[in-house]
Amino acid sequence: MRIGIMGGTFDPIHIGHMLAAEAAYDTYRLDRVWFMPSHIPPHKQGAGAAGGERLQMVKEAVQGHPAFEAIDHEIRRGGVSYTFQTIRELQALHSGAEFYFIIGADMVNYLPHWEHIEELAQRLVFIGVRRPGYELALDELPSFLHDRVMLADMPVVDISSTDIRERIAAGHSVRYMVPDRVYEYITRGSMYEI
């Protein structure tokens with residue numbers, strides 16, 4: 001079983017996340033893609049929405065895709081969400097699975113700074129999804145990462161969760177920037193409004 005993991009804050013999940021996951025899924029013929037909201041990401045400030053709300057938005061977004069699934073592993077565990085810890089736990093629970101961690105191009109060049117990156121590189125392969133505005137310098141990565149990063153291309157979409165939250169706070173529409181069911185969830189709960 002080839003399982004892609006799409007980790008992130010998902011505050012909120014948007015079509016850029018969905019396109020990145022689909023690009024990795026399609027390019028590398030993954031069997032499943034697990035969307036895993038982090039509890040507290042180590043490289044960002046805390047999320048604007050609570051973990052349960054972010055998980056529910058992910059569930060709404062992936063509904064209807066036969067290979068996409070929301071998992072609550074990091075939210076249930078609590079604390080800072082370090083990928084090496086999560087992968088250790090997931091591999092213990094799913095011993096026969098091959099794991100692929102899906103990341104944006106902006107995170108590929110940052111990989112050397114991840115906690116326990118050498119261990120992670122032995123445990124899984126990273127799929128770096130190219131998106132606009134980020135230059136990839138794969139040859140500048142440490143040698144132990146050279147054959148542990150594969151690339152997938154996605155359509156050019158320049159959307160961020162930060163931009164979505166700011167648009168909502170300013171009273172602007174985010175329809176079509178997020179999946180329809182996520183839009184309905186956000187508007188029902190009046191999320192991100194000031």
Side-chain angles (χ1 to χ4, degrees), residues 4-27 33-65 68-72 74-75 80-83 86 100-111 113-114 126-137 149 151-194:
I5 297 175
M6 184 84 174
T9 312
F10 302 124
D11 189 27
I13 190 167
H14 54 71
I15 61 167
H17 295 125
M18 304 304 291
L19 288 168
E22 184 70 16
Y25 169 74
D26 181 57
T27 301
V33 175
W34 291 348
F35 287 74
M36 182 174 53
S38 58
H39 183 255
I40 301 172
H43 60 280
K44 290 184 178 178
Q45 293 181 350
E53 292 174 319
R54 293 182 290 111
L55 177 64
Q56 187 58 43
M57 286 188 282
V58 170
K59 288 179 178 179
E60 298 289 342
V62 301
Q63 189 171 1
H65 193 297
F68 288 5
E69 180 180 349
I71 65 169
D72 64 355
E74 290 187 343
I75 288 176
V80 177
S81 300
Y82 288 107
T83 304
T86 300
Y100 298 79
F101 204 83
I102 304 165
I103 58 177
D106 56 330
M107 291 306 293
V108 170
N109 292 336
Y110 190 74
L111 280 173
H113 304 287
W114 284 30
F126 293 93
I127 299 176
V129 181
R130 289 186 250 221
R131 54 190 222 193
Y134 293 97
E135 289 296 320
L136 291 175
V149 177
L151 300 177
D153 290 318
M154 65 178 267
V156 176
V157 176
D158 194 11
I159 296 176
S160 74
S161 296
T162 301
D163 180 46
I164 290 170
R165 290 191 307 273
E166 289 171 356
R167 290 179 62 80
I168 292 169
H172 298 293
S173 174
V174 296
R175 187 182 295 272
Y176 308 119
M177 296 175 78
V178 297
D180 289 343
R181 294 180 61 90
V182 174
Y183 179 78
E184 292 166 11
Y185 183 84
I186 289 171
T187 54
R188 268 196 319 269
S190 301
M191 293 177 62
Y192 305 117
E193 294 178 6
I194 294 177

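- Separation of atoms CE (M36) and CD1 (I71) is listed at 5.0 Å; rounding is to 0.5 Å.
- Residues S38 and I75 come closest through the heavy atom pair O-CG1, 4.1 Å.
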* Apply the test side-chain contact (heavy atoms from CB on, under 4.5 Å) to residues L111 and I103: give CA-CA distance (whole Å), side-chain angles for both, the deciding distance (0.1 Å), then the verdict. => CA-CA 10 Å; L111 280 173; I103 58 177; 3.9 Å; yes
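- Atoms OG1 and CD, on T9 and E74 in that order, are 9.5 Å from each other to the nearest 0.5 Å.
- The two atoms that bring M154 and A23 nearest to each other are CB-CB, 4.0 Å, heavy atoms only.
- Residues forming a side chain to side chain contact (heavy atoms under 4.5 Å, CB included) with T162 (at least two apart in sequence, or on another chain): S160, R165, E166.
- In this structure, A20 and M6 approach most closely via the heavy-atom pair CB-CE, 3.8 Å.
- M18 and A61 get closest at one heavy-atom pair: CE-O, 3.5 Å.
- Distance CG/D11 to CD/E53: 9.0 Å, rounded to 0.5 Å.
- Residues satisfying the salt bridge (charged side-chain N to carboxylate O under 4.0 Å, His left out) test with D163, not counting sequence neighbours, are none.
- Each of L151, V108, I102 was checked for a side-chain contact (heavy atoms from CB on, under 4.5 Å) with V129, and the lone residue meeting it is I102.
- The line from CG of L19 to CG of D153 is 12.5 Å long, rounded to the nearest 0.5 Å.
- One finds the CG atom of D72 at 5.5 Å from the CG atom of L55 (value rounded to the nearest 0.5 Å).
- By the ring-ring contact (aromatic ring centres under 6.0 Å, His included) test, H113 is found to be paired with Y110, residues two or more places apart in sequence or in another chain being considered.
- Contact detail for R54 and P37: the closest heavy-atom pair is NH1-CB, 4.0 Å.
- Applying the salt bridge (charged side-chain N to carboxylate O under 4.0 Å, His left out) criterion to E69, with sequence neighbours excluded, gives R32.
- Nearest heavy-atom pair, L136 versus A105, reported as atom, atom and distance to 0.1 Å: CD2-O, 3.4 Å.
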Residues 177-186, side-chain donor-acceptor partners within the protein, below 3.5 Å, at least two apart:
from: R181; atom 1: NE; to: E60; atom 2: OE1; distance (Å): 2.9
from: R181; atom 1: NE; to: Q63; atom 2: OE1; distance (Å): 2.9
from: R181; atom 1: NH2; to: E60; atom 2: OE1; distance (Å): 2.8
from: R181; atom 1: NH2; to: Q63; atom 2: OE1; distance (Å): 2.6

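- Pairs of residues two or more places apart, or lying in two chains, that qualify as side chain to side chain donor-acceptor pair (under 3.5 Å) and include a residue from residues 16-27 are E22-H65, D26-R29.
- For the atom pair CE (M57) and CD1 (I13), the distance works out to 9.0 Å, reported to the nearest 0.5 Å.
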